[in-house]
Amino acid sequence: RLIGSEESMEMGVEHFDPTGRRFEMALDRVDLVESGEVRAKLLLEGHLLHSKVDLQFDLYDGLDRVDLKVGLAWCDEKPVSVDLVFDSGMEDARVHYGVPFGFCSPNQARDVCESWASHRQCLGWVALDDGEAGMVIATDRAGFKFEKQRVESTLLRSWIDPISFAYRRVWRSYPERVVANYSIRGYSGDFRSARSYRDGWALNRPLRSCVTYDVEAPRSLPDRMEGIVLDGEGVVITALKQAEDGDGFILRAFEALGEGCEARLKTWAEILSVSEVDLMEQSVREVAPERIVFAPFEIKTLRLKLGGGA
């Protein structure tokens, strides 16, 4: 559901002061845009007050996942917060969400004003489950609110334009169009066993594919090969670059599940050496490529030296 909540802004820009007036999206049109063997695309068009809204749903054969793209062109003067609401239907849903290099729970205390107490900044994904089943919402939006069985993703919030203070007259500004992307997947078990963090990474950093039609030119590489893989449960590679001194590659990774693990480094070339380094790329210790130990939420920076001209 797409819901707008009016706010008075009488308490200042640092507070959220709802008036209690709420309004929902009115549906104008439903259209089946695409119906193929692999994917179906459904388009819903409507309006929120006088502002146009469109929701595009992508459904896939054989995948328990729904992709959603929301577009909102706000043209009303009302000061509002516009939120996309997900109802979990679970009485005792536990919520976890992505943060840099790990995850967090909204139950953790924060020293903020009361009007912002339910708001969180989430990175990539939000998961709700009761230990037996749940769902993960991957998104490119950061603002979320958590209320019992409900998760609300903020699409638009009225804000006083700072330029207006110079004219001694306050007005509000809005972007011409807001676009938000979501990917919703159901799972069994809890968010750890479902590897919920992967959904966030897949949506925000998708694999880019390239098709080539040249079948005649000679090939120097095999039909299938791996670049550099750090094989371990919950290990995420965030960076790979050439070392500043030109001697090997620098790889940065972290453990995302808070459980700790052992990882194995695999690559297409011969591994000459692997060492942990500091942020200045100075060696700290040598490590065995077949057994790289990560503590819970640990961030590691590694220098790789490879053979074969790599």
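Numbering of residues begins at 1 and proceeds along the displayed sequence. We use all heavy atoms of the structure for the numbers below, so side chains are in, but hydrogens, waters and symmetry mates are not.
The cluster map of Ile, Leu, Val, Met, Phe, Trp and Tyr, joined by side-chain heavy atoms under 4.5 Å apart, puts Leu123 and Val235 in different clusters. Under the 4.5 Å side-chain heavy-atom criterion for grouping Ile, Leu, Val, Met, Phe, Trp and Tyr, Leu32 is connected to Val30 within one hydrophobic cluster. Follow the hydrophobic side-chain contacts under 4.5 Å out from Val85 and you never reach Met135; the two are in separate clusters. Cluster annotation: Leu27 and Val53 are assigned to the same hydrophobic cluster (Ile/Leu/Val/Met/Phe/Trp/Tyr, side-chain heavy-atom contacts under 4.5 Å, transitive). Each of Leu155 and Ile3 belongs to its own hydrophobic cluster when Ile, Leu, Val, Met, Phe, Trp and Tyr are linked at side-chain heavy-atom distances under 4.5 angstrom.
Atom CG of residue Leu48 and atom CG of residue Leu156 lie 9.5 Å apart, to the nearest 0.5 angstrom. The distance from the CZ atom of Arg120 to the CZ atom of Phe146 is 7.5 Å, given to the nearest 0.5 Å. One distance of note links NZ of Lys305 with CD1 of Ile271; it measures 14.0 Å at 0.5 Å rounding. Taking CG of Leu265 as the reference point, atom CG of Asp231 lies at 10.0 Å (rounded to 0.5 Å). Here the straight-line distance linking atom CG of Asn181 with atom CD of Gln56 works out to 9.5 Å at 0.5 Å rounding. We find the CZ-CE distance between Arg150 and Met90 to be 14.0 Å, quoted to the nearest 0.5 Å.
Distance alone, capped at 3.5 Å, is enough to place a donor-acceptor pair between the Arg195 side chain and the Arg192 backbone. With Arg303 contributing its side chain and Asp247 its backbone, the two residues share a donor-acceptor pair below 3.5 Å. Side-chain N or O atoms of Asp130 include one that pairs as donor or acceptor with a backbone N or O of Ala133 at under 3.5 Å. Side chain of Glu255 to backbone of Leu257: a donor-acceptor contact under 3.5 angstrom is found. Side chain of Asp76 to backbone of Ser51: a donor-acceptor contact under 3.5 angstrom is found.
Between Val82 and Leu72 the shortest side-chain heavy-atom distance falls below 4.5 Å. For the pair Leu304 and Ile228, the minimum side-chain heavy-atom distance is below 4.5 Å. With contacts defined as side-chain heavy-atom distances shorter than 4.5 Å, the pair Phe249/Leu306 qualifies.
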Run the side-chain donor-acceptor check on residues 200-207: report pairs under 3.5 Å with partners two or more places apart or on a different chain.
unit_1 : atom_1 : unit_2 : atom_2 : d
Asn204 : ND2    : Thr139 : O      : 3.1
Asn204 : ND2    : Gly200 : O      : 2.9

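In this structure, Ser5 and Arg22 approach most closely via the heavy-atom pair OG-NH1, 3.2 Å. Residues Asp64 and Gly186 share a closest heavy-atom pair of OD2-O, 3.1 Å. Lys241 and Glu281 get closest at one heavy-atom pair: NZ-OE2, 2.7 Å. Counting all heavy atoms, side chain and backbone alike, Tyr60 lies closest to Arg65 at CE1-NH2, 3.5 Å. Summarising the geometry of Leu230 relative to Ala263, their closest heavy-atom pair is CG-CB, 4.0 Å, with the distance given to 0.1 Å. In terms of heavy atoms, Ala256 sits closest to Phe297 at O-CE2, 3.8 Å.
Between Phe191 and Tyr197, the distance from one ring center to the other does not fall under 6.0 angstrom. Side-chain rings of Phe254 and Phe294 stay apart, their centers remaining 6.0 Å or farther from each other.
Between the side chains of Thr19 and Glu6, at least one donor N or O lies within less than 3.5 Å of an accepting N or O. No hydrogens or angles considered: a donor-acceptor pair under 3.5 Å links the side chains of Ser81 and Asp83. Using a 3.5 Å distance cut-off with no hydrogens or angles, the side chains of Asp190 and Ser193 do pair a donor with an acceptor. Inspection of the Asp67 and Tyr182 side chains reveals no N or O donor paired with an N or O acceptor under 3.5 Å.
Applying the salt bridge (Lys or Arg N to Asp or Glu O under 4.0 Å) criterion to Arg252, with sequence neighbours excluded, gives no partner residue. In terms of the salt bridge (Lys or Arg N to Asp or Glu O under 4.0 Å) criterion, residue partners of Asp31 (sequence neighbours excluded) are, by chain and number, Arg29. Checked against salt bridge (Lys or Arg N to Asp or Glu O under 4.0 Å), Asp54 has the following partners two or more places apart in sequence or in another chain: Arg177.
Residue Val33 shares its hydrophobic cluster (ILVMFWY side chains chained together at separations under 4.5 Å) with Leu43. Taking Ile, Leu, Val, Met, Phe, Trp and Tyr as hydrophobic and joining them when side-chain heavy atoms fall under 4.5 Å apart, one finds Val293 isolated, its cluster having no other members.
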